[in-house]
K.L.:
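Please see the structure below; I have some questions.
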Amino acid sequence: MNSNDFRALCVQPDCTLHDALLRMDQTARGILLVLWEDGRLARTLTDGDLRRARLQQLGDELTVAALPEQAALTVGEDVAAPAVLALMDAHQIDHVPVVDGAGRPVDLVLRRELSQRIWLSSPHLGDEEAAFVENAFQTNWIAPLGPHVDGFERELAAHVGVGHAAALSSGTAAIHLGLLLLGVQPGDTVFCSSLTFVGSCNPILYCGARPVFIDSEPETWNMSPVALERAFDWARRENRLPRCVIVVNLYGQSADMDALAPICENYGVPILEDAAESLGARYKGRSSGTFGRLAVYSFNGNKIITTSGGGMLVADDPDLVVRARKLATQAREPARHYEHVEVGFNYRMSNVLAGIGRGQLRVLEQRVAQRRQVFDRYRAALADQAQLQWMPEPPGYHSTRWLTCFTLDGPEAALKCDLIMKFLERHAIEARPVWKPMHLQPLFDGAPYFAHRVSVDVSARLFESGICLPSGSNLTPQQQYRVIQLLRRALAMAEDRHALA
């Protein structure tokens, strides 16, 4: 429903029953909103109300105001979809108006929308996963490890162009092992991108190390080389050079590795590349996840391909991957009995999940193309919305567009973003803010942070003004049209609120 459709639902109390019936037939929503002169909601008028008026043989020229008074069931703007649905169920109704603080209707939620939720990034299975899983059952390879694990490791390494891979239980587990393999110990310093999911840096705390957060650059939204250089200069003066740098490739796009890698090399510090969100992306012809000493991918349920939960640690150095596999299987020594001389972890992937991954890997390029098409449709359909700034993709980059993200320009962008996301959620459309930077998280209060430039905190600005839209490779054009229409209404409402303020 766009803004014109919503306005067509609004009538005055002096509207005749005949005209109301015509309007209801034209709008085909089964409800009209009757407004007082000041715009407040007087009542709702449903097809049931008009049907009862006909049965009572009330004249067509009778006005709506003459009908028996009936208080409207409404919700406020902060109410989410589950609460609206509960109200509908309690009163056996299919429409609920949304009113502002003054009692003016600003939105209408329909039951059929709530039953057709659109997710941010839902799993998208292909045709081959079931065959691999069935094979795991038939061969009784259900427990961790097995031929599908071996095959998944081999096939993914070949696909991205890296020497070796270890399939693990999660991307976070892969980062934890990566830090250990790079020698991170309690008290060490680790640099990490600030604009990321907490899974990128929780493993720093697992190791007892201390994080230092690096801002993003506006050109890619990924780690700022300018900020990284300043952080290294500080660390050298403080005699606390980092043990490694975790460079995160955000929302399906590589960081500027040609700028970042030489800085790290100059100080002799290795890169742990967090490519959890960027499998399938390319940077100047090379696959994302092939630039660090070690790199990780994630196969969480919302990623571009999924094993329902899982991750992969990759490296060209075979010794690192062999050690990763040992640590991931409780660090068991090669003895007939269970012998252990160091702490290990239960981090290996199961053969069943690896089978799903092998099937998913076969459609990776297709999934990338589908997500890029989703982004292209958004950009084309909303080209007239000058306040939208899409996540940039510089020359030489090939993003997967794992999530389609934009920021809003202008004052009070954070307030507008909040209004937009609440509006979409009322209509059962999942949208999220851009990641809240780690240097703003209470968990990391007091951790050193280096902004892109003095008084220019790029990652904080992106968090305040950014929104991630539904982006799944299984998002249909019809679903996306619904998102676009509702987003247009939400943008208009946010602009109107700003103008009124």
Side-chain angles (χ1 to χ4, degrees), residues 120-122 124 156 159-162 171 193 195-197 200 216-225 246-261 271 273-292 295-300 302-306 312 314 360-361 363-383 388-407 431-435 458-459 462-463 465-475 480 483:
L120 184 76
S121 179
S122 60
H124 186 185
L156 185 132
H159 187 94
V160 300
V162 72
S193 303
L195 190 62
T196 185
F197 175 59
S200 299
S216 298
E217 60 173 359
E219 292 81 7
T220 67
W221 293 18
N222 285 309
M223 184 178 283
S224 163
I246 301 175
V247 176
V248 179
N249 299 328
L250 195 70
Y251 295 133
Q253 180 160 277
S254 176
D256 187 357
M257 300 310 265
D258 278 358
L260 296 169
I271 290 175
E273 190 178 357
D274 182 353
E277 300 176 4
S278 62
L279 177 61
R282 300 186 73 80
Y283 171 79
K284 300 185 178 180
R286 283 179 60 181
S287 294
S288 175
T290 63
F291 294 86
V296 306
Y297 299 108
S298 172
F299 309 115
N300 192 34
N302 64 0
K303 293 301 188 291
I304 196 158
I305 65 170
T306 182
M312 193 79 78
V314 301
Q360 286 272 281
L361 189 58
V363 295
L364 173 59
E365 297 306 319
Q366 180 182 340
R367 297 293 181 259
V368 171
Q370 289 166 328
R371 289 196 186 236
R372 288 182 64 87
Q373 287 171 0
V374 167
F375 171 78
D376 289 340
R377 286 196 293 263
Y378 277 127
R379 184 172 56 181
L382 297 164
L388 297 188
Q389 299 297 316
W390 304 104
M391 180 179 179
E393 184 183 37
Y397 292 69
H398 186 78
S399 171
T400 68
R401 297 293 182 181
W402 170 57
L403 293 183
T404 290
C405 311
F406 68 84
T407 57
R432 288 185 188 171
V434 166
W435 295 123
V458 173
S459 56
L462 292 172
F463 166 60
S465 63
I467 294 177
C468 305
L469 294 173
S471 308
S473 50
N474 52 0
L475 186 69
Q480 192 171 0
V483 176

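What you see is a predicted model; the values in this text were computed from it and never measured.
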K.L.:
Working to the nearest 0.5 Å, report the span between CH2 of W402 and OG of S278.
P.N.:
10.5 Å
K.L.:
For V248, is there any backbone N or O sitting under 3.5 Å from a side-chain donor or acceptor partner on S193?
P.N.:
yes
K.L.:
Do K303 and L279 have side chains that get closer than 4.5 Å, going by heavy atoms?
P.N.:
no
K.L.:
For side-chain contact (heavy atoms from CB on, under 4.5 Å), just list the numbers for V458 and E217, CA-CA rounded to whole Å, side-chain angles, deciding distance to a tenth of an Å, and then say yes or no.
P.N.:
CA-CA 6 Å; V458 173; E217 60 173 359; over 6 Å; no
K.L.:
Under 4.5 Å between any side-chain heavy atoms of Q373 and Q480, yes or no?
P.N.:
no
K.L.:
Run the numbers on V314 and T290 for side-chain contact (heavy atoms from CB on, under 4.5 Å), then give the verdict.
P.N.:
CA-CA 8 Å; V314 301; T290 63; over 6 Å; no
K.L.:
About how many Å separate CG of N474 and CZ of R367, when rounded to the nearest 0.5 Å?
P.N.:
7.5 Å
K.L.:
Indicate whether the side chain of D274 and that of S200 have a donor and an acceptor atom separated by less than 3.5 Å.
P.N.:
yes
K.L.:
When rounded to the nearest 0.5 angstrom, what is the spacing between CH2 in W435 and OG1 in T196?
P.N.:
7.5 Å
K.L.:
For the atom pair CG (L195) and OG (S224), what is the distance rounded to the nearest 0.5 Å?
P.N.:
12.0 Å
K.L.:
Where is the tightest heavy-atom contact between C468 and C405, given as atom of each residue plus distance?
P.N.:
SG-SG, 3.6 Å
K.L.:
Donor-acceptor pair, distance only, cut-off 3.5 Å: does the side chain of S216 make one with the backbone of M223?
P.N.:
no
K.L.:
Taking Q360 for its side chain and T306 for its backbone only, find out whether a donor-acceptor pair lies under 3.5 Å.
P.N.:
yes
K.L.:
Which heavy atom of V374 sits nearest to which heavy atom of G472, and what is that distance?
P.N.:
CG2-O, 3.8 Å
K.L.:
Would you check if S399 and R372 make a side-chain contact, meaning some heavy-atom pair closer than 4.5 Å?
P.N.:
yes
K.L.:
Run the numbers on H124 and Q366 for side chain to side chain donor-acceptor pair (under 3.5 Å), then give the verdict.
P.N.:
CA-CA 11 Å; H124 186 185; Q366 180 182 340; over 6 Å; no
K.L.:
Any side-chain heavy atom of S471 sitting closer than 4.5 Å to one from S121?
P.N.:
no
K.L.:
Testing the basics here: between D258 and K284, what is the closest heavy-atom pair and its distance to 0.1 Å?
P.N.:
OD2-NZ, 3.0 Å
K.L.:
What are the two closest heavy atoms between F463 and P433, and how far apart are they?
P.N.:
CE1-CB, 4.3 Å
K.L.:
Are side-chain heavy atoms of P394 and Q253 found at a separation under 4.5 Å?
P.N.:
yes
K.L.:
Please list, chain by chain and in numerical order, all residues satisfying ring-ring contact (aromatic ring centres under 6.0 Å, His included) with F299, sequence neighbours excluded.
P.N.:
F152
K.L.:
Can you list every salt bridge (charged side-chain N to carboxylate O under 4.0 Å, His left out) pair that touches residues 373-382, not counting sequence neighbours?
P.N.:
D376-R379
K.L.:
With rounding to the nearest 0.5 Å, note down the distance linking CG in L403 to CG in L120.
P.N.:
5.0 Å
K.L.:
With a 4.5 Å heavy-atom cut-off, do Y251 and M391 have their side chains touching?
P.N.:
yes
K.L.:
For the residue pair N302 and R371, what are the closest heavy atoms and their distance?
P.N.:
O-NH2, 4.1 Å
K.L.:
For Y378, what residues pass the ring-ring contact (aromatic ring centres under 6.0 Å, His included) criterion, not counting sequence neighbours?
P.N.:
none
K.L.:
Please find the pair of heavy atoms, one from A255 and one from V247, that lie closest to each other, and give the distance.
P.N.:
CB-CG1, 3.6 Å
K.L.:
Decide yes or no for E273 and N249: does some side-chain heavy atom of the first lie under 4.5 Å from some side-chain heavy atom of the second?
P.N.:
yes
K.L.:
Please lay out, stage by stage, how W221 and T407 fare under the test side-chain contact (heavy atoms from CB on, under 4.5 Å).
P.N.:
CA-CA 11 Å; W221 293 18; T407 57; 3.8 Å; yes
K.L.:
Does any non-hydrogen side-chain atom of L361 lie less than 4.5 Å from one of I305?
P.N.:
yes
K.L.:
Measure the CZ-CH2 distance between F406 and W390 for me, rounded to the nearest 0.5 Å.
P.N.:
6.0 Å
K.L.:
When you look at V368 and I304, which way does the side-chain contact (heavy atoms from CB on, under 4.5 Å) test go after all the steps?
P.N.:
CA-CA 7 Å; V368 171; I304 196 158; 3.7 Å; yes
